[in-house]
Amino acid sequence: MHLFSMFLKFQHHLYCLCLPQIRVKPDHTGVVTDGVKHSMNPFCEIAVEEAVKLKEKKLVKEVVAVSCGPQQVQETIRTALAMGADRGIHVEVSGKDYETLGPLQVSKILAALAKKEQADLIILGKQVADFRDSGTFASEVNIEADKLKVVREVDGGLETIKIKLPAVVTADLRLNTPRYATLPNIMKAKKKKIANVKPADLGVDVSSRLEVLKVDEPPQRQAGVKVETVNDLVGKLKEAGTI
Amino acid sequence: SKSQVIVQFNWRDALDLEGQLTEEEIMIRDSFRTYCQEKLMPRILMANRNEHFHREILNEMGELGVLGPTIQGYGCAGTSYVAYGLIAREVERVDSGYRSVMSVQSSLVMHPINAYGTEAQKQKYLPKLARGEILGCFGLTEPNHGSDPGGMETKAKYNPSSRTYTVSGAKTWITNSPYADICVVWAKCEDGRGRGFILERGMNGLSTPKIEGKFSLRASENLLPHVSGLAGPFGCLNNARYGIAWGALGAAEFCFHAARQYTLDRIQFGVPLARNQLIQKKMADMLTEITIGLQSCLQLGRLIDQKKYTPEMISMLKRNSCGKALDIARQARDMLGGNGIADEYHIIRHVLNLEAVNTYEGTHDIHALILGRAITGLQSFTVGK
């Protein structure tokens, strides 16, 4: 069985909040991307870890790591290979196309790729998961016969479902603790293959229906006001028109 | 079209060391740095305060494959010396004690077995040492012989009837010895030449109390046959000294970054301490020495990987990195004022550790003599000619 472990690079600002060096371009058309380090986001790390664990349990045969984006995303694919993925696929999207790449185009790319590769299972980081609602927010994943048993974290608690393969699963924080890539595995990763693919090869048009008009930094956080009593608080909220 | 890249000065990496590393070296450094910051840093405050040795750290490092990393085969990663240096720097950024444990295991125990041992010895010990399953120590220094190991009094007497050696003597200041499962001990044979022996805990007559390691025991297949004389221990020490050259700068970097943050946060006379000229001058000196030091370590690592190095190069950088790091740590301690004495700020721990690091594996002065001899052709170790 082929297992597809996928992690996606979206617009930079999804991780921007964690990186102190991200700056808005002077002309307000986007964020500065030169010299910014591309690292795998934590949910994608968890997705890769789960895939590798399933392979170690001998429940899946092959783990493929996928990323969409410019040349630099190869670093994150290599990290996945160092964690234990068998091979990588880099869907090359760069320049203006990358800046306007949205969930719709990415899901088309992944769907086309999944079909081509005949993937049985797709695992994603939860942040990119809005297009399927099976197996989302997974905190536990098990393969029983030809079905996938998933424990999901929902508002009311935990929900256990069984889904047929092929399926999509999104990883939540409590699914596992990603391993540190070991030295021997980092060195083996050098020899693993990363295939290069263009969206056009998959029959996907990445031109965007959205146009970015302006990008601004979030406003500077203003100091708050301290109040002494609950009545003062209610008074202030009424003044501000919020209640 | 060519995008215009504006280069900004980066005080964290002033001469772009990053750009000189391979992708593999960066990945190794990043993965191990994360482990050190997430798993070692939280433990060190109490471990240092209570003098507790976390034996499990060897197993954790073993799992990551960072023990004996330059050795080919036997369960080792077989990576470059530059990667070894980067590893040492990351672990010493947390603590010199942790890095000492790693250096001893890798350079002073695994290296001699790999370089001078028989195939049987390598198969028996190296994989377990690599996994951190067993811990080793290096017995060279004696109570009366530190800087002059050639004068060692530990003896190895050959017994022809049983074809064994009897090793007797006392070693001191042996890192890891109370917890070690094996000891690589250097002793003088009857021909006057020193040789290395692998001794195992449990052997009759071997005791490793907290400061001194005393022994008198029989060892048969434990001789390391492929080296004699001082070349053996010095080969090991040079291997370790190289790691220390990188490691000391990791400790210095921690102190520099910590002092920078502290002086930016601490307000006195209405302004941050970092606003003051004396404070900035001190940080300018720290930045310069660390940056230049790392460049020299990188070049040395590349030369070692190309097999184009000499021991004097290693002496030069061990001496430079340790001396400069100790200085930086002391300055940083001073910049933190009273808080600099509290172990919660970590700097004082680096100051104390670096005193030891500056001293062991060849003192600052001894390395100067090694270089002096290389520069002039005249030895100044002994009083005579």
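Protein chains get the first letters and strands the later ones, always in sequence-line order, with residue 1 at the start of each.
Heavy-atom neighbours of B:Arg55 CZ from other residues, nucleotides or ligands within 6.0 Å: above the threshold of 12. Annotation for A:Lys57: atom NZ counts as buried by contact number, over 12 foreign heavy atoms lying within 6.0 Å. Heavy atoms from other residues, nucleotides or ligands lying under 6.0 Å from NZ of B:Lys128 number 12 at most. Within 6.0 Å of the OH atom in B:Tyr74, the count of heavy atoms belonging to other residues, nucleotides or ligands exceeds 12. Other residues, nucleotides and ligands place no more than 12 heavy atoms under 6.0 Å from the CD atom of A:Glu140. The number of heavy-atom neighbours closer than 6.0 Å to CD of A:Glu228, taken from other residues, nucleotides and ligands shown, is 12 or below.
Across every non-hydrogen atom of B:Leu64 and A:Ala181, the tightest pair is CD2-O, 4.4 Å. Contact record, B:Gly78 with A:Met187: O-CE, 3.3 Å, taken as the closest heavy-atom pair.
Between A:Thr79 and B:Asp30, every side-chain heavy-atom pair lies at or beyond the 4.5 Å cut-off. Looking only at side-chain heavy atoms (C-beta outward), B:Glu63 and A:Thr182 stay at 4.5 Å or farther from each other.
Both the backbone and the side chain of A:Arg78 have a heavy atom closer than 4.5 Å to some heavy atom of chain B. The contact between B:Glu23 and chain A is made entirely by side chain atoms (from C-beta outward), counting heavy-atom distances below 4.5 Å.
How far CG of A:Leu183 is from OH of B:Tyr84: 12.5 Å, rounded to the nearest 0.5 Å.
Counting only distance, with no hydrogens or angles, the side chain of B:Ser31 and the backbone of A:Tyr180 share no donor-acceptor pair below 3.5 Å.
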